[in-house]
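Values below: all heavy atoms of this structure, side chains included; hydrogens, waters and symmetry mates excluded.
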Amino acid sequence: MNEHDSENIAGMLEAIGYIHEENPNMADVLIVNTCSVRENADNRFFGVLGTFKKIKKSNPDFIVCVCGCMPQQPRIVEEIKKSFSWVDIIFGTQNISRFPELLDRRIETGKKQYAIVDDNPVVEEHMEPKRLFKHKALVNITYGCNNFCTYCIVPYTRGREKSRTVKDICTEIDKLCRDGVKEVMLLGQNVDSFKDPVTGEGFPDLLRAINRINGLERIRFMTSHPKDISDDMISCFGECDKLCHNIHLPVQCGNDRVLKRMNRKYNRAQYLEIIEKLREACPDITISTDIIVGFPGETEEEFEDTLSLVNEVGFDSAFTFIYSPREGTPAAKFEDQVPEEIKHRRFDRLVDDINRISLEKNSTYLGKICEVLVEGKSKNNDNVYSGRTDGFKLVNFDACSERELEGKTVSVKITECKTFSLEGVIVDETI
């Protein structure tokens, strides 16, 4: 979601005549797009922002902007105004479309510009993003979140959940396909709770509608919430030929008491039942997840429940996090915080299990031929390309071809299996 915000901002700047510049020292406008999901991001933000003060001092016309989730928190805005008073523009997650207007005002008046709202009831109008890949696109289907997990800051920074219409989403994707896009990633904090505000159609209806769009080859989505995933959505894996056989389904923890304190609204047995249904509907589906270690009050036995769930499910990959308190969330006020050394020890054990299982899963691809949508060449070797399988496996392969393969679907024979990627050689080019 944060990455797509950056694409939209870059697209708006390009539309009014700006050109992307890698070197901040050579730029006229600098935008720092922030995320508040993890404490490390908060800490790094102030350090990174401070490095631009010297440029600002030597060039008063240099315009510095801060946006994203962090400005949605009043304490952060006050800290920027107090300690980084040279910042020119601050805007939040729900004011992105106003950025060109704010930039014009700053240039014309010389005055600082601020645009932050707690919750905008209106869905932001579609913007023209500057996509990172010609053949892939990120498409928002919902904004905000209604779940209020006790550890999460997102509902407070991105507002309450709002859905776009099926018609508008399909119109956007159709236009993208006519521009060469072959794969779309549907974005939402909880895609399963999507509901068309006009027709009442749900997420499965949306998937079926997108599946009918000409020119599109692959549909992905994230993120699903176990409490809202439906049998009808699961059936789409068998019905929609363009829907990739891959799902990101955050579990967060394998213990029921901790899940309840997290306000996740499902239990271990329900989660495992969903996994079983997914594999029945789509036997070759790959499954990734999110896991938090060291949530307040988590005991050693409860952590063991998470380890056992990881081994029972056999995730293809996982984003693993050490719990960090986010000011403004209920869990930050819990008094039974887990000591850091214990959290780190548990985290290391979890990562060891995840990596072992990931390697085991990847090893089953040895000798197989996979269809890979090529993302581009390796930065270090022009003869090596990388891309993703239908199941989102990263594949690096020797092309030995003078043809431009980016955006093409090619057949690759897997010759080596690693923990985080597969290696192979191209055996066919399907244009």
Side-chain angles (χ1 to χ4, degrees), residues 131-137 177 180-185 211 215-222 236-249 275 278-289 310-311 313-319 351-431:
R131 301 196 308 273
L132 183 61
F133 296 101
K134 178 73 174 176
H135 63 284
K136 298 198 305 181
C177 290
V181 166
K182 296 183 177 180
E183 175 183 302
V184 294
M185 170 73 82
N211 195 65
L216 187 63
E217 294 182 8
R218 291 182 173 184
I219 305 169
R220 300 189 187 278
F221 58 84
M222 71 180 325
C236 288
F237 283 105
E239 296 176 23
C240 301
D241 61 307
K242 298 175 183 179
L243 183 58
C244 289
H245 293 183
N246 167 255
I247 189 169
H248 185 70
L249 190 64
I275 297 295
L278 285 166
R279 286 178 169 156
E280 286 177 359
C282 184
D284 64 341
I285 195 168
T286 57
I287 303 172
S288 57
T289 196
V310 164
N311 283 274
V313 173
F315 294 107
D316 288 82
S317 62
F319 294 104
V351 170
D352 285 344
D353 275 16
I354 291 290
N355 289 347
R356 171 181 53 78
I357 295 168
S358 294
L359 181 58
E360 291 172 358
K361 289 279 186 176
N362 283 351
S363 295
T364 64
Y365 288 82
L366 186 63
K368 292 183 178 180
I369 295 177
C370 298
E371 298 302 305
V372 176
L373 183 57
V374 183
E375 294 184 351
K377 291 183 179 180
S378 166
K379 293 181 179 180
N380 302 318
N381 188 340
D382 282 344
N383 291 323
V384 176
Y385 283 82
S386 65
R388 297 277 179 176
T389 67
D390 176 277
F392 208 62
K393 298 289 184 180
L394 176 63
V395 180
N396 300 305
F397 61 93
D398 294 322
C400 299
S401 171
E402 295 182 0
R403 304 183 69 175
E404 178 55 56
L405 297 180
E406 183 176 344
K408 309 295 183 183
T409 300
V410 301
S411 297
V412 177
K413 184 174 182 179
I414 305 304
T415 57
E416 184 179 357
C417 304
K418 300 180 179 180
T419 302
F420 305 111
S421 65
L422 304 172
E423 308 290 317
V425 293
I426 191 169
V427 294
D428 180 43
E429 299 175 23
T430 305
I431 307 301

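- Between T415 and G424 the shortest heavy-atom distance is OG1-CA, 3.5 Å.
- Side chain of K413 to main chain of K368: no donor-acceptor pair is present (N/O by atom type, distance under 3.5 Å, no hydrogens or angles).
- Atom SG of C244 and atom CZ of F392 lie 9.0 Å apart (nearest 0.5 Å).
- Distance CG/N246 to OG/S288: 5.5 Å, rounded to 0.5 Å.
- Without hydrogens or angle criteria, T364 side chain to K361 main chain gives a donor-acceptor distance under 3.5 Å.
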Determine, stepwise, if the pair D241 / N211 fulfils side-chain contact (heavy atoms from CB on, under 4.5 Å). CA-CA 7 Å; D241 61 307; N211 195 65; 3.0 Å; yes

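- Checked by atom type, the side-chain pair K393/N362 shows a donor-acceptor distance below 3.5 Å.
- Remark: side-chain polar atoms of D390 are paired, donor with acceptor, to backbone N or O of H245 under 3.5 angstrom.
- At a threshold of 4.5 Å between non-hydrogen side-chain atoms, the residues V412 and V425 do not count as touching.
- The backbone N or O of V374 lies less than 3.5 Å from a partner atom in the side chain of H135, making a donor-acceptor pair.
- Note: L422 CG to I414 CD1 = 4.5 Å, rounded to the nearest 0.5 Å.
- Contact check on D284 versus R279 returns no salt bridge, with no Lys/Arg side-chain nitrogen under 4.0 Å from an Asp/Glu carboxylate oxygen.
- Although no hydrogens or angles enter the test, the distance criterion places a donor-acceptor pair under 3.5 Å between the side chain of T289 and the main chain of L249.
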Is there a side-chain contact (heavy atoms from CB on, under 4.5 Å) between Y365 and C370? Walk through the geometry before answering. CA-CA 8 Å; Y365 288 82; C370 298; 3.8 Å; yes

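- Figure legend: R131 and F133 shown without cation-pi pairing, the cationic atom not lying both under 6.0 angstrom from the six-membered ring centre and within 45 degrees of its axis.
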For a side-chain contact (heavy atoms from CB on, under 4.5 Å) check, start with the C-alpha distance between L243 and F221, then their side-chain angles and the critical distance, and finish with the verdict. CA-CA 9 Å; L243 183 58; F221 58 84; 3.7 Å; yes

Begin from the C-alpha positions of M185 and M222 and carry the test side-chain contact (heavy atoms from CB on, under 4.5 Å) through to its verdict. CA-CA 7 Å; M185 170 73 82; M222 71 180 325; 4.0 Å; yes

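- Relative orientation of the Y385 and F397 rings is parallel, given thresholds of 30° and 60° on the angle between their planes.
- Taking all atoms of both residues into account, the shortest heavy-atom contact from C177 to L216 is SG-CB, 3.6 Å.
- A distance of 13.0 Å separates CD in E375 from CG in L405, rounded to the nearest 0.5 Å.
- Within the model, atoms CG of N396 and CD of E416 stand 10.0 Å from one another, a figure rounded to the nearest 0.5 Å.
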Intermediate values then yes/no, side chain to side chain donor-acceptor pair (under 3.5 Å), E371 and S411: CA-CA 5 Å; E371 298 302 305; S411 297; 2.6 Å; yes

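- A 4.5 Å side-chain heavy-atom check between E360 and S363 finds every atom pair outside the cut-off.
- A 4.5 Å side-chain heavy-atom check between F420 and L359 finds every atom pair outside the cut-off.
- Of the N and O atoms on the side chains of N355 and T419, not one donor lies less than 3.5 Å from an acceptor on the other residue.
- Contact detail for G407 and L373: the closest heavy-atom pair is O-CD1, 3.6 Å.
- No salt bridge links R388 with E183; every basic N to acidic carboxylate O contact stays at or beyond 4.0 Å.
- For K242, the NZ atom sits in a packed shell: over 12 heavy atoms of surrounding residues, nucleotides or ligands are nearer than 6.0 Å.
- Two residues are said to be in side-chain contact when any heavy atoms from C-beta on lie closer than 4.5 Å; R218 and V184 fail this criterion.
- The distance from the CD1 atom of I285 to the CG atom of L278 is 5.0 Å, given to the nearest 0.5 Å.
- Side-chain contact check for T409 versus V372: every heavy-atom pair is 4.5 Å or farther apart.
- Between H248 and F319, the ring centre distance stays below 6.0 Å.
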